[in-house]
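All figures in this text were calculated on a predicted structure; none of them were measured in a lab. Chain naming here is simple, since letters A, B, ... match the order of the sequence lines and numbering starts at 1 in each.
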Amino acid sequence: MTYDHKSIEAKWQDRWETEKVFQVTEDASKPKFYNVAMYPYPSGELHVGHIRNYTYIDLITRYKMMQGFNVLGPMGWDSFGLPAENRAIETGMHPQPSVEGQIAKMKMHFRKLGAGFDWSRELASHSPEFYRWDQWLFLEMYKRGLAYKAEARVNWCPKDQTVLANEQVVEGLCERCDTPVEHKELSQWFFKITDYADRLLDSIDTLDNWPDRVRTMQRNWIGRSEGATFSIGVDGGGTFDVFTTRPDTSFGMTFCVLAPEHPLVESLIGGSATEAEAREYIEATGRASEIERMAEGGKTGVFTGAYAINPVNETRIPIYIADYVLMGYGTGAIMAVPGQDQRDWEFATKYGIDIIRTVQPPDDWDGEAYTGDGVTFNSDFLDGMMRDEAVSTVISWMEDKRIGTGTVQLRLRDWLISRQRYWGSPIPIVNCDHCGMVPVPEDQLPVLLPHVEDYAPKGRSPLAAVDEFVNTTCPECDGPARRETDTMDTFVDSSWYFFRYTDAHNDEAIFDPEKAKYWMPLDQYIGGVEHAVLHLLYARFITMVLYDMGLSPVEEPFERMFTQGMLVRDGAKMSKSKGNVVPPDDYYENYGADALRLFELFVGPPTDDAVWNDSGVPGTKRFLDRLWKLGTAAHEFQDRDENGSDREILGLVHRTVKKVTDDINRFHFNTTVPALMTLANELQAYLADGAREETFGEVFDLMLLMLSPMSPHIAHELWEMRGHEDLLALQSWPVWDEELAREETVTLIVQVNGKVRDRLEVSAELTAEEVEAVALASEKVLGWLEGKEVRKVIARPPNLVNLVVG
RNA sequence: GCCGGAGUGGAGAAAUUGGCAAACUCAAUGGAUUCAAAAUCCAUCGCUCGUAUGAGCUUGCGGGUUCGAGUCCCGCCUCCGGCACCA
């Protein structure tokens, strides 16, 4: 017997919508719970891997509601940006109608899943009501010196024809299209995230409810390292600065290396014997992409012909140019200490440069450069010191001599936010010949994105070709002026949208701080680990900025972060390009959202990748069919007093409530499903053995309450059919009764020397002496004791006794 | 290289604190039902020996701690993810 999932699911989706079950407002009388899944790019097509995510978020919304929380679970659309624009280019349909059509499809998907979102707060980043506040935020950052325009060597994707932030370059490739990234000198807008590097780094320690890997990835990305920056003189005049984390090894410096792009290079090679060779090298490395530079087997470089003076011992050492030194990190120049640095070792070996060890390696050391700690030698006043002491001693020495100082280096760069693309929020700046760069006044926001038919990327913003947009008047002097034509990175939108949900329709302000104070921080945030350093770092940064502006009540936006695993099929992550995507449509049609949701929960630990099994949903549907039959068939009940079998099934259901509650709290959703399956199996057996109607009803109702956040439609229908008038979603989550949950008898494990030799049903009340006595009375056990002496008895009543014999 | 995570049956997995390894589901096999099939129901299902009661082995590998280790400690191997000529 199967149930009619289609009509039941449509019925309850209507009810939840018309009764506004998931619409909430601030309510000081209830504890709040703010529950968000990262807002999706509206691709229009969800696959079962996405559904997993939304099943989790919906389960939490429904569970927390039943626990008495005022739960906000909003949904919106990350509708600006490259994916939407590229899709528009492919299909020839303008991004606006295209995106809006996709949004309508996605909403249909969410409805079919039965997801409980508060649609009254829906937002979309491409709508002027939203991006107006992007622009406002930009201007506030500009006022505070946190947004600036600068000429810089930037990442350029030749396919997407736009610049990219460092975070959007993955192993030298464009994050979106895997095209090798090039470099260009361009004048671009940046957000000064480096000003917040220390705060962003330090407060990672407070994010106790975040996955370790995400915290580690952010720490690595910020890449703070402590050391010294000091100046090295060139023999014949001039100086350059170097950064090192190992100033204690300065006496081992036998050469210096400058990056090929280093500004001093030109004057060093001019007129030198190796000038031609050096110029050729610089040109060759300039042409090579970063990947090619790294892929080279050994280190390459060229002698400049110039010498430097090692400031700690006045030794004259050669200066090389080599591309293993990067202009983008530190000072673009290094002191090379081959004895203590493997890269320098390789370079020195190749070019025949001296190697001097200054740190004593362990006796059994047979490696090349020794980078560990040890006693310093060959180092004059540092001799005999261990690393930490030597570092601080040499830094003081440098500070006394005024040639250097202790410094901190970051790997993190400022966030490049301008894009030479159409489908984004215009940067609200006007360039005036007379007044220079002028921010658009707040009352003139939003700077509307004009409707443009030719939005194909051309290496400069398509907006630059729209005269009506570009030409404007200066807000200061009313003279002719030109607008900025770059648009903002969509990661700007996503770094504050979760504030907007708290006050989604405010047209006076980005949001009301009072509303944010009620809802923030997010109690639960769920999304893919691919955003570990992109969105999640930017969102933390912008939240800190909003905090400093007095708008956010918190410095950290996401109290508890959860990154779900991916669904894998045919050995690969589901993706359109691999052709292994499983759409949910057939499941809705043939098995129902409830069965699909249940399998999504059942498929494996939420944090882990899981393998999609096509027979899984039919399996969970079978379970729901059995449940339906159990709840709707006419049963023969016994008219009798409560007895042992009633207490057993009641005990089991209370233990199940405890387990399911604990499991949901720990995000072990995959074990909640088997708990309910076991309960249903036992309930069926109880029924077959002759059930009391009251007991059966009590157990069944508790089961429906637990099923409600997982497979809500069937649970609601059965709940109603059992004569309950109030909506199941609004019931309280069940609380287990410790007394009922207690087991009366347990299986006592009897071990002899740690091996299980007998299992006995005993009362749960037995003491240590009693279980020992029971164990020693067991015939099976006696056989193992024959001829041996019991030396020790380990009793763990009532579950286990271990007899140690010998 | 550094950092993080993982390794358990044919598959997904389970085992909150060190205490019955493999719950639950899928697949497979056998059976019932059926004219037949689907659906449903029942049974078997880690490996070895044995007709069997049963015995031995088994959580990537090697050691250790412990009465007792999938779980803790030490040393390795493999896989996944992140960062990376970062000085």
Among all residues two or more places apart in sequence or in another chain, which pass the ring pair (Phe, Tyr, Trp, His ring centres under 6.0 Å) test with A/His47? A/His50
Are A/Arg791 and A/Val805 side-chain neighbours, meaning at least one heavy-atom pair lies under 4.5 Å? no
Its dot-bracket string being built from Watson-Crick and G-U pairs below 3.5 Å, with | for another strand and [ ] for crossing, RNA chain B has the pattern (((((((..(((......[....))).(((((.......))))).((((....))))..(((((..]....))))))))))))....
Minimum heavy-atom distance between A/Phe240 and A/His262, given as atom pair plus value: CB-CE1, 4.3 Å
Just jot down the side-chain contact (heavy atoms from CB on, under 4.5 Å) partners of A/Asp758, sequence neighbours excluded, or say none. A/Val750, A/Leu760, A/Ser778, A/Lys780, A/Val781
Taking only nitrogen or oxygen atoms into account, show me every contact under 3.5 Å that the protein makes with nucleotides 75-83 of chain B, one pair per line with its distance.
residue, atom, partner, partner atom, Å
B/C83, O3', A/Arg411, NH1, 3.1

Check whether any side-chain heavy atom of A/Val746 lies under 4.5 Å from a side-chain heavy atom of A/Val762, and answer yes or no. yes
I would like to know whether A/Tyr320 and A/Phe347 meet ring-ring contact (aromatic ring centres under 6.0 Å, His included); could you show each step before the answer? CA-CA 10 Å; A/Tyr320 280 77; A/Phe347 194 84; 5.3 Å; yes
Rounding to a whole Å, what distance do you find between A/Tyr591:OH and B/C26:P? 12 Å
Rounded to whole Å, how long is the line connecting atom CZ of A/Phe669 with atom P of B/A14? 14 Å
Could you check B/G12 for me: syn (within 90° of 0) or anti? anti
Sequence-distant partners of A/Tyr370, ring pair (Phe, Tyr, Trp, His ring centres under 6.0 Å), two or more places apart: A/Trp365
If only side-chain N and O atoms count, and only distance matters, is there a donor-acceptor pair under 3.5 Å linking A/Thr747 with A/Glu761? yes
Which part of the nucleic acid does A/Trp784 contact within heavy-atom distance under 4.0 Å: base, sugar-phosphate only, or nothing? sugar-phosphate
B/S/- along nucleotides 19-24 of chain B (protein heavy atoms under 4.0 Å) is BB--BB
Nucleotide B/C85, atom P - distance to CD of A/Glu346 in whole Å: 14 Å
Where does the angle between the aromatic ring planes of A/Tyr587 and A/Tyr591 fall among parallel (under 30°), tilted (30 to 60°) and perpendicular (over 60°)? tilted
Nearest non-hydrogen partners of A/Ile321 and A/Tyr281, listed with the distance: O-CE2, 3.9 Å
Sticking with atom C1', work out how far B/G75 lies from B/G19, rounded to a whole angstrom. 27 Å
If only side-chain N and O atoms count, and only distance matters, is there a donor-acceptor pair under 3.5 Å linking A/Thr2 with A/Asp625? no
Hey, what are the protein-to-nucleotides 41-44 of chain B N/O distances that come in under 3.5 Å?
none

Which value, in whole Å, describes the distance between the P atoms of nucleotides B/U25 and B/U59? 26 Å
Starting at atom CE of A/Met710, determine the distance to atom C1' of B/U25, rounded to an integer number of angstrom. 15 Å
In whole angstroms, the gap separating P of B/A87 from CZ of A/Phe255 amounts to 16 Å
Give the rounded distance in Å between these two atoms: CD of A/Gln409 and C1' of B/A87. 9 Å
Geometric cation-pi criterion A/Lys621 and A/Tyr3, 6.0 Å radius, 45° cone: yes
Using atom C1' in both nucleotides, what's the gap between B/U40 and B/A52 to the nearest angstrom? 34 Å
Shorter than 3.5 Å, N or O on both sides, protein versus nucleotides 6-11 of chain B: list them out with atom names.
none

With sequence neighbours left out, the residues meeting side-chain hydrogen bond (donor to acceptor under 3.5 Å, both in side chains) with A/Arg597 are A/Asp58
So among A/Asp205, A/Asp202, A/Asp212, which one has a salt bridge (Lys or Arg N to Asp or Glu O under 4.0 Å) with A/Arg219? A/Asp205
Tell me which nucleotide among B/U16, B/A87, B/C3 gets nearest to the side chain of A/Asp662. B/U16
Search all heavy atoms of A/Ile204 against all heavy atoms of A/Leu200 and return the closest pair with its distance. CG1-O, 3.1 Å
Can you spot which of A/Gln751, A/Arg757, A/Lys755 makes a side-chain contact (heavy atoms from CB on, under 4.5 Å) with A/Trp784? A/Arg757
Which atom pair, heavy atoms only, marks the closest approach of A/Gln340 to A/Thr371? O-CG2, 3.2 Å
Note: A/Lys299-A/Asp344 ion pair, threshold 4.0 Å (strictly below): no
Which part of the nucleic acid, if any, lies within reach of A/Gly223 when heavy atoms closer than 4.0 Å are counted: base, sugar-phosphate only, or nothing? nothing
Please work out if A/Arg757 contacts a base, only the sugar-phosphate, or nothing of the nucleic acid, heavy-atom cut-off 4.0 Å. sugar-phosphate
In whole Å, measure the gap between the P atoms of B/G64 and B/G70 for me. 15 Å
Start at the 5' end of RNA chain B and walk down; is the nucleotide closest to A/Lys658 or to A/Lys755 reached first? A/Lys658
Partner residues of A/Phe602 under the ring pair (Phe, Tyr, Trp, His ring centres under 6.0 Å) criterion, sequence neighbours left out: none
Taking OP1 and OP2 of B/A87, is either one under 4.0 Å from a side-chain nitrogen or oxygen of A/Ser225? yes
Quantified in whole Å, what is the P atom distance between nucleotide B/A22 and nucleotide B/A14? 15 Å
Verify the distance criterion only: is there a donor paired with an acceptor across the side chains of A/Trp736 and A/Glu738 at less than 3.5 Å? yes
Where does the angle between the aromatic ring planes of A/Phe667 and A/Phe669 fall among parallel (under 30°), tilted (30 to 60°) and perpendicular (over 60°)? tilted
Between protein and nucleic acid, restricted to nucleotides 28-32 of chain B and to nitrogen or oxygen atoms under 3.5 Å apart, what atom pairs and distances do you find?
none

Of all heavy-atom pairs linking A/Met38 and A/Gly528, the shortest is SD-N, 3.9 Å
What is the distance, rounded to the nearest whole Å, between atom CE of A/Met335 and atom C1' of B/C86? 14 Å
Base, sugar-phosphate or nothing for A/Pro211? Non-hydrogen atoms, less than 4.0 Å. nothing
Span that lies between the C1' atom of B/G68 and that of B/A21, in whole angstrom: 14 Å
Closest non-hydrogen contact found for A/Leu776 with A/Leu782 is O-CD2, 3.3 Å
For nucleotides 64-66 of chain B, list the nitrogen or oxygen atoms of the protein found under 3.5 Å from its nitrogen or oxygen atoms, one pair per line.
none

A/Gln340 CD - B/G1 P separation (whole Å): 20 Å
P gap between B/C24 and B/C42, integer Å: 13 Å
